[in-house]
Amino acid sequence: MLQDFKNFLFPKFCACCEAVLLKNEQIICTYCRNELPLYTNFFDGDHDLHKILYGRVLLNRAATLFYFEKKGLVQSLIHDLKYKGNEELSYHLGEWLGTILVEAGWRGYIQVVIPVPLHKKRMRERGYNQVEGFGKSIAEKLSATYMDAVLKRRPHSKTQVFKNRLARTEVVQNHFYVDGNPDFKDKQILLVDDLVTTGATLEACSLALKDAGASNLNIATMAITK
């Protein structure tokens, strides 16, 4: 009764359509949950990321939760996460994909989960890395170690997607690097990010990890452009 009154005074809204959430709904309303375009073909080893990163990154497994289309529900979802302070959504999406990955047999396969780091300026503006909760929830589901302090973005690097394909060594040196001496030998690393478009950011992060000794790379994202 008290909770119902509290919900009446302080209603929660759907991260996709902004409708008031009903009593048993969390983060996303039932309608939007059923309408969200789930990515369905990563089980057969023919993930779009393999095609996007072909010849650029040696990738083992890949997983994505949604297809992304402009002006679609997923765009609203990502916007809510990045610009409206809905940090809880990151954890929610991580639990969602993490559950799918457990069912697909990824638990015991992945040992380390690493998020794509956020630019310091964006971190100050936002107060959180939008993929942190996503990565933490996936790591928990897969019983893997979450490491958010090893992969870092250089202060002068830009948050926008690289406009031109740079030489691999230049990409690593100018944008991302691995701090310290983490032991990546023989470990299956899962790199996590929010949205994939050209794959340039993932390529740069992957090359930095490879330069630090990571030879077994996997990627999981919230969404990928259709």
Side-chain angles (χ1 to χ4, degrees), residues 38-54 56-68 78 81 89-118 128-153 171-172 175-224:
L38 286 173
Y39 190 94
T40 57
N41 70 331
F42 73 88
F43 292 106
D44 61 9
D46 189 29
H47 195 288
D48 285 303
L49 265 172
H50 285 97
K51 301 171 186 176
I52 292 173
L53 297 175
Y54 182 77
R56 299 155 64 185
V57 176
L58 184 59
L59 183 62
N60 291 344
R61 297 184 183 181
T64 293
L65 191 54
F66 305 121
Y67 283 109
F68 176 92
I78 299 296
L81 170 64
L89 177 58
S90 183
Y91 290 87
H92 184 72
L93 297 182
E95 290 179 2
W96 191 342
L97 183 56
T99 298
I100 293 174
L101 296 181
V102 169
E103 293 173 354
W106 284 42
R107 179 185 283 164
Y109 170 73
I110 298 294
Q111 283 94 45
V112 178
V113 176
I114 298 176
V116 170
L118 190 63
Y128 61 92
N129 183 343
Q130 71 270 10
V131 297
E132 179 180 345
F134 183 67
K136 283 182 176 179
S137 294
I138 289 176
E140 184 176 350
K141 289 285 185 180
L142 300 182
S143 300
T145 300
Y146 179 75
M147 300 177 69
D148 62 352
V150 293
L151 183 61
K152 295 185 177 181
R153 187 188 295 260
V171 172
V172 173
H175 294 277
F176 298 95
Y177 68 99
V178 171
D179 190 31
N181 297 293
D183 181 14
F184 290 150
K185 185 179 180 182
D186 298 326
K187 288 185 171 64
Q188 290 290 343
I189 309 296
L190 180 65
L191 180 65
V192 297
D193 200 6
D194 51 5
L195 176 63
V196 184
T197 50
T198 65
T201 297
L202 289 173
E203 178 185 8
C205 289
S206 300
L207 292 171
L209 290 170
K210 181 181 179 182
D211 193 53
S215 57
N216 298 298
L217 184 69
N218 308 270
I219 293 177
T221 67
M222 296 177 188
I224 190 168

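Just so you know, these numbers use all the heavy atoms, side chains as well, and skip hydrogens, waters and symmetry mates.
Of the possible donor and acceptor atoms, one in the side chain of N218 sits under 3.5 Å from a partner among the backbone N and O of I189. A donor-acceptor pair under 3.5 Å is absent between the side-chain atoms of R107 and the main chain of E103, judged by distance alone. The closest donor-acceptor contact from the side chain of Q111 to the backbone of Y109 lies under 3.5 Å. In this structure a side-chain-to-backbone donor-acceptor pair under 3.5 Å is present from S90 to G133. Using a distance-only test at 3.5 Å, with no hydrogens or angles considered, a donor-acceptor pair links the side chain of H50 to the main chain of N60. No donor-acceptor distance shorter than 3.5 angstrom exists from the side chain of T221 to the backbone of D193, with no hydrogens or angles considered.
Atom-to-atom distance recorded for S137:OG and Y91:OH is 7.0 Å, nearest 0.5 angstrom. Between the CD1 atom in I138 and the CD1 atom in I110 there is a gap of 9.5 Å [rounded to 0.5 Å]. Taken from CG in L81 to OH in Y128, the straight-line distance is 5.0 Å, to the nearest 0.5 Å. Distance check, rounded to the nearest 0.5 Å: CG of L89 to CG of L93 gives 4.0 Å. Note: L58 CG to S215 OG = 9.0 Å, rounded to the nearest 0.5 Å. Taken from CZ in R61 to CG in L190, the straight-line distance is 10.5 Å, to the nearest 0.5 Å.
Taking each heavy atom of L191 and P115 in turn, the nearest pair found is CD1-C, 4.4 Å. When all heavy atoms of D48 and Y39 are compared, the closest pair comes out as N-OH, 2.8 Å. What you find for V116 and R153 is that their closest heavy atoms are CG1-NH2, 4.3 Å. Nearest heavy-atom pair, V113 versus G135, reported as atom, atom and distance to 0.1 Å: CG1-O, 3.7 Å. Contact between L101 and A63 at its shortest, heavy atoms only, is CD2-CB, 3.6 Å. Across all their heavy atoms, R56 and L207 have their closest contact at O-CD2, 4.2 Å.
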Problem - T64/H47 under side-chain contact (heavy atoms from CB on, under 4.5 Å): CA gap, chis, key distance, verdict - result: CA-CA 8 Å; T64 293; H47 195 288; 2.9 Å; yes

Exercise for the section: Begin from the C-alpha positions of I52 and E203 and carry the test side-chain contact (heavy atoms from CB on, under 4.5 Å) through to its verdict. Expected result: CA-CA 10 Å; I52 292 173; E203 178 185 8; over 6 Å; no

Exercise for the section: Please assess Y177 against D211 for the test side-chain hydrogen bond (donor to acceptor under 3.5 Å, both in side chains), listing each intermediate value before the final yes or no. Expected result: CA-CA 9 Å; Y177 68 99; D211 193 53; over 6 Å; no

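A ring-centre distance under 6.0 Å is not found for F134 and H92.
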Acceptor/donor pairs from residues 141-152 side chains to any protein atom, 3.5 angstrom cut, sequence neighbours excluded:
from, atom 1, to, atom 2, distance (Å)
K141, NZ, T99, OG1, 3.4
K152, NZ, D179, OD2, 3.0

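Classification of the W96-F66 ring pair by plane angle, with boundaries at 30° and 60°, yields perpendicular.
Of the listed residues (V196, L59, V192), just one forms a side-chain contact (heavy atoms from CB on, under 4.5 Å) with L202, and that residue is V196.
Looking at K210 and L217, their side chains never come closer than 4.5 Å, going by heavy atoms from C-beta outward.
At a threshold of 4.0 Å, the pair K136-E140 does not count as salt-bridged, since none of the basic side-chain nitrogens sits closer than that to a carboxylate oxygen.
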